[in-house]
Amino acid sequence: MEQRDYFEDVYDVVRLIPAGRVTTYGAIARYLSLRAGARMVGWAMNAAHGRDVPAHRVVNRIGVLSGKHFFGNPTAMQDLLTAEGIEVKDDRVVKFSEVLWDPATELA
DNA sequence: ATATTGACTATCA
DNA sequence: TTGATAGCCAATA
């Protein structure tokens with residue numbers, strides 16, 4: 001069971017996210033030209049456990065920590081983001097537009 | 001093989 | 001503004 005397909009492509013992009021920045025599922029999907037769409041990026045993250053993938057830096061399009069519940073401890077994701085300088089309030093990234101790291105724009 | 005679900009997004013009411 | 005609906009693709013409850 002080697003999902004060495006777009007899964008690893010997603011992981012690679014997520015690893016490129018600088019600390020103190022976040023990105024969205026749609027941005028990754030769009031950058032990789034994934035036919036799959038944003039949902040599969042989230043699914044790839046599900047398999048990202050055990051890898052060096054900072055999935056806590058990946059949020060949905062409005063900056064909501066939609067995947068925090070998958071970190072074992074619901075507060076783990078928020079704590080990680082806060083530790084990196086990202087302000088999180090009510091499960092949502094504060095100043096989301098400022099900390100947003102879009103690979104299609106930043107990485108080009 | 002079919003139906004349901006999902007760490008999403010865009011559009012419409 | 002929020003809420004509902006559709007589109008999208010892959011894995012499986």
Side-chain angles (χ1 to χ4, degrees):
Chain A
M1 106 176 239
E2 309 235 351
Q3 31 317 83
R4 53 172 70 127
D5 294 61
Y6 61 93
F7 286 70
E8 299 200 359
D9 288 336
V10 172
Y11 301 155
D12 186 50
V13 174
V14 175
R15 292 192 192 101
L16 293 177
I17 303 172
R21 293 294 188 109
V22 296
T23 192
T24 68
Y25 304 97
I28 296 173
R30 201 170 48 224
Y31 175 71
L32 295 177
S33 300
L34 289 180
R35 296 154 63 293
R39 300 185 106 143
M40 299 299 87
V41 176
W43 191 258
M45 295 286 93
N46 188 9
H49 283 281
R51 298 175 186 255
D52 299 328
V53 181
H56 60 274
R57 293 178 186 156
V58 183
V59 296
N60 65 8
R61 71 174 181 88
I62 62 177
V64 174
L65 283 53
S66 50
K68 69 168 192 171
H69 189 75
F70 281 58
F71 281 74
N73 184 0
T75 60
M77 186 174 185
Q78 177 176 330
D79 186 61
L80 286 170
L81 291 173
T82 304
E84 295 184 349
I86 300 175
E87 300 178 58
V88 178
K89 189 69 171 182
D90 190 42
D91 298 334
R92 195 174 55 137
V93 176
V94 180
K95 299 176 183 173
F96 175 64
S97 302
E98 299 181 14
V99 297
L100 177 60
W101 184 86
D102 187 341
T105 303
E106 305 295 324
L107 191 58

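By convention in this document, chain letters (A, B, ...) are assigned in the order of the sequence lines, proteins followed by strands, and residues within each chain are numbered from 1.
- Whole-Å rounding puts the Asp102(A) CG to dC8(B) C1' distance at 15 Å.
- The residue from Ile62(A), Ile86(A), Thr24(A) that alone fulfils the side-chain contact (heavy atoms from CB on, under 4.5 Å) condition with Phe96(A) is Thr24(A).
- Between the CZ atom of Arg35(A) and the P atom of dA11(C) there is a distance of 12 Å, given to the nearest Å.
- Separating the OH atom of Tyr25(A) from the P atom of dA10(C) is a distance of 19 Å, rounded to the nearest angstrom.
- Using a 4.0 Å heavy-atom distance criterion, His49(A) is classed as a base contact.
- Base contact: Gly42(A) has a heavy atom under 4.0 Å from a base atom.
- Within the nucleic acid shown, Ala44(A) has no heavy atom closer than 4.0 Å to any nucleic acid atom.
- Between Trp43(A) atom CH2 and dT4(B) atom C1' there is a gap of 12 Å when expressed in whole angstrom units.
- Residue Asn60(A) is in sugar-phosphate contact alone, with no base atom involved, counting any heavy-atom pair closer than 4.0 Å across all strands shown.
- Here the nucleotide nearest the side chain of Met45(A), chosen from dT9(B), dA13(C), dA7(B), is dA7(B).
- With rounding to whole Å, Asn46(A) atom CG is found 12 Å from dA10(C) atom C1'.
- Partner assigned to dA13(C) is none, using Watson-Crick or G-U wobble distances below 3.5 angstrom.
- Which of dA10(C), dC8(B), dA7(B) sits closest to the side chain of Ala38(A) comes down to dC8(B).
- Within the shown strands, nothing qualifies as a pairing partner of dT2(B) under the Watson-Crick or G-U definition with both distances less than 3.5 Å.
- Dashed line: the shortest gap from a side-chain N or O of Thr24(A) to OP1 or OP2 of dC8(B) is not under 4.0 Å.
- The side chain of Ala36(A) sits closest to dC9(C) out of dA7(B), dA10(B), dC9(C).
- Distance check: Ile17(A) CD1 to Leu107(A) CG gives 10.5 Å after rounding to the nearest 0.5 Å.
- In this structure, Val59(A) and Val64(A) approach most closely via the heavy-atom pair CB-O, 3.6 Å.
- Taking side-chain N and O atoms only, Arg39(A) has no distance below 4.0 Å to OP1 or OP2 of dA10(C).
- Going from atom CZ of Phe70(A) over to atom C1' of dG6(B) covers 8 Å, rounded to whole Å.
- For the pair Asp90(A) (side chain) and Arg92(A) (backbone), a donor-acceptor distance under 3.5 Å is absent.
- Residue His56(A) is tested with Met45(A), Lys68(A), Glu84(A) for a side-chain contact (heavy atoms from CB on, under 4.5 Å); the sole match is Glu84(A).
- Computed from coordinates, the Tyr6(A) OH to dA10(C) P distance equals 6 Å when rounded to whole Å.
- What separates CG of Leu34(A) from C1' of dA7(B) is a distance of 15 Å, to the nearest Å.
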